[in-house]
Amino acid sequence: MRRGLPLNNSRALSKMMLPFALLTLVACSGDVGPSADSEQAASQAQQLLATGAAGDGKQLYAACAACHGAKAEGNKALAAPSLRNQQDWYLRRQLQAYRSGVRGSHEKDAYGMQMQAIAKTLPDDAAVDAVVAYISGLGKKAAEATLTGNAKRGADYYSNLCGACHGPAAEGNDILQAPALAGVDDWYLQRQYEHFQQGIRGASEDDKYGYQMAMMANTLPSTEVLKDVLVYTQSLAR
Amino acid sequence: MVRAMHWLVIALSLVAGMHSAWAADIPVKEGESIQAAVNRAAPGDVVLIHPGEYRESVYVDKDNITLRGVVVDGEWPVLEGEGKRNDAILYSGNNFTVEWLTIKHFKGNAIMGQAGNNYTIRYNRVIDTGVYGIFPQFGKNGLIEYNVLSGIEDAAIYVGMCDNVVVRHNEVFDNVAGIEIENTRHAIVENNYAHNNTAGLLVFITPGLPIKTTYDVILRNNFVVNNNTENFGAPGSIVAKVPKGIGVVIMAADEVVVEGNIISGNQTAGIVITDLAFVTDIASDPDSEPNPDRIEILDNLMFDNGADPVADVKAAMMTQFKRRGPDILANFGSAQEPDNCILNKEQYVTFGLKKWSKCERTSTADIETYLLADGAPPREIENDEDRTLRLYQGICAGCHAYNMRMIGPPTVAIQALYHNNAKGIADYIAEPHKVRPDYPPMPGQGHLSEEIRQKVAEFMLNVKK
Amino acid sequence: MEKRYSARALRRLAVALCLLWLPLPATVHAAGAEFSLKDYCPAGFQLNGEGCYLQSLYASYDSLQDSGVGGLKTGLPELRQGFSPRQIDLGRLLFFDPVLSGDHSMSCASCHDPNKGFSDGRALSVGSKGQLAKRSAPSLWNVGFLKRLFWDARASSLEEQMLGPLYDSHEMANTPEQLLTDLRASSAYRELFAQAFNGDSSIQLDQVYTAIAAFESSLISLNSRYDLYAHGYHEALNEAEIEGMNIFRSFVARCAECHTPPLFSHQQIAVIGTPEPNNRPLDPGVAAVTGDASQRGGFKVPSLRNIALTAPYMHSGRFATLREAAEFYTGGRGHAVPPGEKLSLHWHIWEPKLTGEELDRLVDFMGALTDESFMPQIPASVPSGLAPVVGVQ
C-alpha cells in the first residue's frame, strides 16, 4: 500500500538529510570513511528501496547489492562486509537496530550511519524479513581471509574468552544471540571489535547485545592478539 | 488473651535472663516433635521441652541452640528409646546446651557430640542407654555437670578426643565405666560420685584413633567407692577388658594428677597405673605412645581397696607375699618408672611404686578451671560477606575463572551477559539449562536460598581483574 | 572485608596478567598433535605465587588438634599443594600416557579411570600382562589429603606410592631405566618437562614423580550435596539422606567413628575382618608390612567420598554393592573371619542390629557424597604419540 512512496515524514527527513550527514561523517569519522563510490552506491540503494516492492526480497536486495555485491559476498573496497555467513536472526536484529537508531547513530560510526539511513528506507518489518530471507537463501559462503597472525595463539584466546558465547567453531550461539564469526569478513570484524572497544558501537545499555560485546571488548590485550583470534576464527570457516 | 500470654512470655524471658535479645523460646509439649522445634529454631533459641514422653531421636546441626527440659511438680520430660532408637540427642553445632532431660533405653548414646565446641551438658538423668551416656567427641571447651547416669554398658560419661573439659558434680553408678577421659587434654574431673561401676574413673589413650594423646588431666575431690560391679561390657569393646573392682585406671596417659579423692571399697585396686599392654587383643598403633608418664598422686583418702582382687592382680601381689590387693598398683613396665611421683606413699598398700619419686607440689588449688574464659573461637563463617566470598571461591570459582575458560565460561563473559542482572544469574543457577554445546552442563544450585543465590550472583558481577 | 577482597582481586589480576601478557608457552608438536602446558590452576585452585592452592569453604573451619577430623564444620587435613600449574598439567598428560608401562599398554588411568571414580570397577585390578593384582584399585579423589597410601598403608607419600604400580610386575611392569629412556626419546616430553621444571629438559625420575603427584593432588571432590549440608544449607539433603546421615554418625552404626568427616576417613588402620572372595587365603594386610601380628587383616580406612562410583568394595572387591558393604557391619563381630584365624578386630566392629531400612538409608546417604564437579580433562592425545589409555582395555 505504502510501497514506493515516502509517506513517512521521518523517513523523508532522513532521506533529505543523508548527503549532509554523510559529508559530516567523512570529516570526523574514526574510520577512513566512506569513499565517493560508497556514497554513490548508498544513495542508489536508497532510491531503489524507495521504489521497491516490500514483499519481494530479491527486489529489495537489489538495493543492497550496490555495496554488498550481487550475491551478498561483500565488497572490501566499499567497506561492505559479506552477509553470507551470518545467521538470519542476526541480520534481522542488525537491520532493526539500524532502523531504530540503536546502531549507526554514533558520530564516529560513518559506515554505520550510512547503513542506518539505508535501513530506514526499508518500509516495514515485512520488508526486513523479506530481504533477510533472500540473503539466507543465497546459502553460506565463507568470506576470504585477509589477515595474518598466529592462529594457535588466537585459538587459545578464542577458547578462553570468545568461545563461551560465539561457540566452539565460532559458529555463533542462537540461545545467547551471539553471531557467527567464522566466515565473516575478518577486516569487518576487526573494525567492529575496535568500535566496541572505543565506545562507537554498543555503548548504550539499550543495545543489550551490543553492550554485552562492548564489555568483552577490552579483554584481548592488543591488536596483534585480535588479529590472531580473527585468523583463527577465519580458519574455522566452512 | 493471646496477647496477654505473649507479654507474659516476654516478661518471663526477661526474668530468666536470655542470652540474646533475639532469642526465642520454642515450647514443645507431649505429642509434639522436639526435632520439628529444632528445625524451626534459629541460633540463640531455646527449645523448652515440657513434661511427657518423647519417642524420637533429635539432631542439632545449628549453633547456639539450647534444649531445656521443663520439670513441673517432679514430672520430667522423658526421651524414650524403647531399645530400638539409636542415639537420643546428636549435636554438631557450637555453643550447644542440653539440660533437664531424662533419657532412657536408647541403643546407642544418650547425648552425643561431634565437633561442637563450647558445649554444656547438665542436670540430665540418663538411665540404661546402650553404649555411652554422655559422649562429646572432637569438641573444645565443654562443661558436664550435675548429671546422674546409671545402667550403661560402656562409659556413663565418656569424653573422647576433646580439649578443655570440666566434668563435675555428677553421679555415675551401676555402669561398666563411670567417667572416662580418652585421648583428651586439659581436663578436670572433680566432685563426682562414682560408685558401683566395674571401674570408677578412667584416664587413658586408645590406640588407633586419629588424635593420639591424653595429658594434663586432674582427678580431684571425687568419691570413688565400691566399684565392684561385674563387667557387662559388649564383647569386643575396650571396657569389656577392664577387670572389675578398680577405682581409678590410668593407662598410657601423661601428666595425670590424682588429688583429694576418697577412694574406698574397690576390691581389685584403688588406683591402677599401666601402659597400653593392659588392654590385649587390640591392633597396635605405633603412633600411640604407650607409657604413662609424669603421673602425680597427691594426698588422697584410700582404704578398704584390694579386698578381693582379680586373678592377675592377686598373682602379682603373691610375688610380694601379700594376699590382698593394693590401694595403688603400678603395672609392670614403664608405669613403675621414677618420672611418676606420689606423696605420703607409706600410707597406702602399693605395688610397683618402689622407684616412684616424691611429688614436688602438694596441691592443684591454683588451677581453678580448664574452661576457656572466652570460649573456643567460632568455627562458623561470621558474616554474609565472608560466606558469599567463600561460596564463590569454593564452588563457583572452581569452574569459572576470571578471564579464561575452565569448566564453565569465564566470569568476564558472564558479567557481560548478565550486566545489571544478578537476578538472571540467581535464577539460572537454580535450574541451569544447557546453553553451550562444548561446555558441560552446570550442576544446579537450587538448594541455595534465593537470597544467597542473589548475593553470590552480585558478587560474581563485581569480581574485578 | 574490603581489604581481603582487594587482596584476592590482586591475585586474580596476577593470574589474568600471566595469561595475557606473558608469552604463552611454546607449543610442542608430537605425532601430529600439539601440546602446551596450562599456565593456570585446575578447578578449585588459585595461583598464589608459583603454586596452586585449594580454595574451599572448609578453610573457614578448624579441627581439634589440627587433626582434620571431626564433624560437619571441621577443617580438612593438610593437602599436598603448591605445585605449579604446568607441573600439574604435565602430570595429567603422564597420567593418561601408556608410555609409563613396560609394554606401553597401560596408563595410570587404566586402573584409575576418571569415568569410574578414578578406580577401575573391578574387584582386583589387572596388570599389563593380564595378571590379577592383589587388591582392588582405590579411588584417587582427594588422595592428596592422605598421609598413608595403599590399602596396607605402606607408603607415606604419593611419590613413594607410585613406585609400586609403575614397577610391579603384576601392574605396569616398567623399570626406572626404561621409563627414563622412553620419556627422553620424546622431544615433546623434553620440551614439556623443561616448561614444568625451570627449563630443565633432561627429564629426571623425581620430576616424573612430582608431576604425577601434582596431578593426583589436584583431584578434589568437596562439593557434594553433603558438603552443602555441612556448610549450613540443610535443604541440600532429602529426608532419606538426612536419616541415613544420622544412622551413619550414630553410635549404633558407628560409621563416622572411622569414616570421619570431612574426608570420611580418619586415616587409621582397622582390622574389620571382611571376607576374601572365592576362598582366597586371608590377606594379612598391614601385618605383612610391619610383622605385627595384632595388625593381621588390618587395612587403612578408605575415604567414602565418591564411594557410590567405585564399586566393588573392600580391599578385595568382595562386595558388589554399597548395600552389601554396609550389611557386612551388621553381620556380627567376626562373622566372616576364617576358622582358625584370630584377628584383633576393631572395637567398633560389633552387632549394631541395623534394620534393612537403616541399611537402605545408609546407602542413600553415601550417595550424597558424590561430587565430580572438578573432573579433569582427559587428553585427546599424549606427548609420547601413543594413544591415551583410559580404563581397562
Nearest-0.5 Å distance, CD1 of residue B:Ile414 to CD of residue A:Gln212: 12.0 Å

Here the gap from B:Asn420 atom CG to A:Lys208 atom NZ, rounded to the nearest 0.5 Å, amounts to 12.0 Å

Segment of A:Glu205 engaging chain B (4.5 angstrom heavy-atom cut-off): side chain

Of the backbone (N, CA, C, O) and the side chain (C-beta and beyond), which part of A:Tyr209 lies under 4.5 Å from a heavy atom of chain B, both, or neither? neither

Residues A:Asn160 and B:Pro410: closest non-hydrogen pair is O-CG, 3.1 Å

On a heavy-atom basis, the closest approach of B:Val412 and A:Leu161 is CG1-CD2, 3.9 Å

If you count the non-hydrogen atoms of other residues, nucleotides and ligands that lie under 6.0 Å from CD in A:Gln96, is the total more than 12? yes

Evaluate the side-chain proximity of A:Leu176 to B:Arg436: yes if any heavy-atom separation is below 4.5 Å, no if none is. yes

